[in-house]
Amino acid sequence: MPFLIDGHNLIPKLGLRLDTPNDELELIPFLQEFARLKRQQVEVYFDGAPIGQAGTRKLGTVRAHFVRLGQSADNAIRLRLKKMEKEAKNWTVVSSDREVQSAARFFHAQFISSEEFVKMIRLAVNSAPKADLDNKKISPNEVDEWLRIFREK
């Protein structure tokens, strides 16, 4: 199920700081890794974008919506759900904000708190298979092949 995320609501739940200049860009790698591991579509909304920086950007597997100063990410999420119409039921909204959760409920979307989503991210990352590069052995034939290739150069 794809996710609509209230970005500024999620940032502090991951232990990141809202008062850093690049708080939004610090969140994106977490969301990209989650989207990759879970093969899920992720859209994140941030409010307070200065003039000239508002808009939507595709950042790898994540679509980030930077809502202009004076508007709210909460309202942008609500409008996105409204635009989806019946398809909203196939999405999960991530926010601990009661108004955002209420909008999700109104449009029949699923919703989870930001705290629950952090648990999902950590579980996905921790359960992902790790590359065991230290235990890869090269056979004597492979060593000979590499030596032959490098001698030819």
Side-chain angles (χ1 to χ4, degrees), residues 1-138 142 146:
M1 187 170 283
F3 294 87
L4 292 178
I5 299 171
D6 181 351
H8 284 146
N9 188 265
L10 180 61
I11 286 171
K13 309 298 193 244
L14 269 167
L16 302 173
R17 296 177 49 128
L18 282 170
D19 59 355
T20 61
N22 294 320
D23 57 351
E24 294 94 350
L25 296 180
E26 290 175 14
L27 174 63
I28 297 297
F30 288 97
L31 299 178
Q32 289 171 328
E33 185 66 0
F34 176 80
R36 182 186 72 80
L37 291 170
K38 300 303 273 179
R39 295 187 174 133
Q40 294 294 328
Q41 184 177 347
V42 171
E43 292 187 22
V44 62
Y45 289 78
F46 301 107
D47 42 25
I51 294 173
Q53 294 182 8
T56 300
R57 293 177 191 81
K58 185 93 165 104
L59 302 170
T61 56
V62 174
R63 184 175 299 276
H65 303 273
F66 296 90
V67 180
R68 71 181 166 98
L69 197 58
Q71 302 292 316
S72 75
D74 297 1
N75 194 49
I77 292 170
R78 191 175 303 106
L79 290 172
R80 176 77 167 105
L81 289 167
K82 182 178 181 180
K83 186 177 178 181
M84 286 182 197
E85 297 178 344
K86 291 181 181 180
E87 289 303 309
K89 71 179 185 286
N90 298 321
W91 287 71
T92 299
V93 175
V94 176
S95 182
S96 294
D97 183 301
R98 292 188 196 280
E99 288 184 30
V100 175
Q101 290 178 350
S102 178
R105 189 178 300 111
F106 181 81
F107 291 105
H108 306 288
Q110 302 296 311
F111 63 89
I112 61 171
S113 70
S114 294
E115 294 85 357
E116 289 177 69
F117 189 69
V118 167
K119 290 177 187 175
M120 289 176 67
I121 291 174
R122 291 190 174 133
L123 181 64
V125 169
N126 291 336
S127 63
K130 306 289 186 256
D132 190 12
L133 300 177
D134 292 337
N135 291 327
K136 298 286 182 192
K137 304 249 188 280
I138 298 175
E142 289 174 304
W146 281 111

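One is the number of the first residue; the rest follow in order along the sequence.
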Check step by step if side chain to side chain contact (heavy atoms under 4.5 Å, CB included) holds for Leu59 and Glu24.
CA-CA 12 Å; Leu59 302 170; Glu24 294 94 350; over 6 Å; no
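Around atom NZ of Lys83, no more than 12 heavy atoms belonging to other residues, nucleotides or ligands sit under 6.0 Å away. Annotation for Lys38: atom NZ does not count as buried by contact number, only 12 or fewer foreign heavy atoms lying within 6.0 Å.
Taking 4.5 Å as the limit, every side-chain heavy atom of Asp6 sits out of range of all side-chain heavy atoms of Phe117. The shortest side-chain heavy-atom distance between Phe66 and Gln53 does not fall under the 4.5 Å cut-off. Contact annotation: the side chain of Leu10 approaches that of Val118 to within less than 4.5 Å [non-hydrogen atoms, C-beta and beyond]. Considering only heavy atoms from C-beta on, Arg80 comes within 4.5 Å of Tyr45 through its side chain. Contact check for Ile51 versus Leu69: no side-chain heavy atoms found under the 4.5 Å cut-off. Asp23 has its side chain out of reach of Phe46: every pair of non-hydrogen atoms, C-beta onward, lies at least 4.5 Å apart.
Among Val93, Ile5, Val94, Asn9, the single residue meeting the side chain to side chain contact (heavy atoms under 4.5 Å, CB included) criterion with Val100 is Val93.
A donor-acceptor pair is defined here as one N or O able to donate and one able to accept, closer than 3.5 Å; such a pair exists between the side chain of Gln40 and the backbone of Met1. For Gln101 (side chain) and Ser95 (main-chain N/O), a donor-acceptor pair under 3.5 Å exists by modelled atom type.
Residues meeting the side chain to side chain contact (heavy atoms under 4.5 Å, CB included) test with Asn75, sequence neighbours left out: Ser72, Arg78, Leu79. Ser96 is linked by a side-chain hydrogen bond (donor to acceptor under 3.5 Å, both in side chains) to Glu115, counting only residues two or more places apart in sequence or in another chain. Legend: residues meeting side-chain hydrogen bond (donor to acceptor under 3.5 Å, both in side chains) with Arg17, ordered by chain and number and at least two apart, are Asp19.
Taking the charged nitrogens against the carboxylate oxygens, Lys119 and Glu116 have no contact shorter than 4.0 Å, which rules out a salt bridge.
For the residue pair Arg68 and Ala54, the shortest heavy atom distance occurs at CB-CB, 3.6 Å. Pairing each heavy atom of Ile112 with each of Met120, the nearest pair is CD1-SD, 3.5 Å. The two residues Ala109 and Leu81 come nearest to each other via the heavy atoms CB-CD2, 3.9 Å. Nearest heavy-atom pair, Val125 versus Glu33, reported as atom, atom and distance to 0.1 Å: CG2-CG, 4.1 Å. The heavy-atom pair separating Val42 from Ala35 by the smallest distance is CG2-CB, 3.8 Å.
In this structure, CG in Leu27 is found 9.5 Å from CD in Gln32, a value given to the nearest 0.5 Å. Atom NZ of residue Lys89 and atom CE of residue Met84 lie 12.0 Å apart, to the nearest 0.5 angstrom. Note: Asp97 CG to Phe111 CZ = 11.5 Å, rounded to the nearest 0.5 Å. A distance of 11.5 Å separates CG in Asn22 from CD1 in Ile28, rounded to the nearest 0.5 Å. Distance CG/Leu25 to CG/Leu16: 11.5 Å, rounded to 0.5 Å. Taking CD1 of Ile77 as the start and CD of Glu99 as the end, the distance is 12.0 Å to the nearest 0.5 Å.
By the 30° and 60° cut-offs, the orientation of the rings of Phe34 relative to Phe3 is perpendicular.
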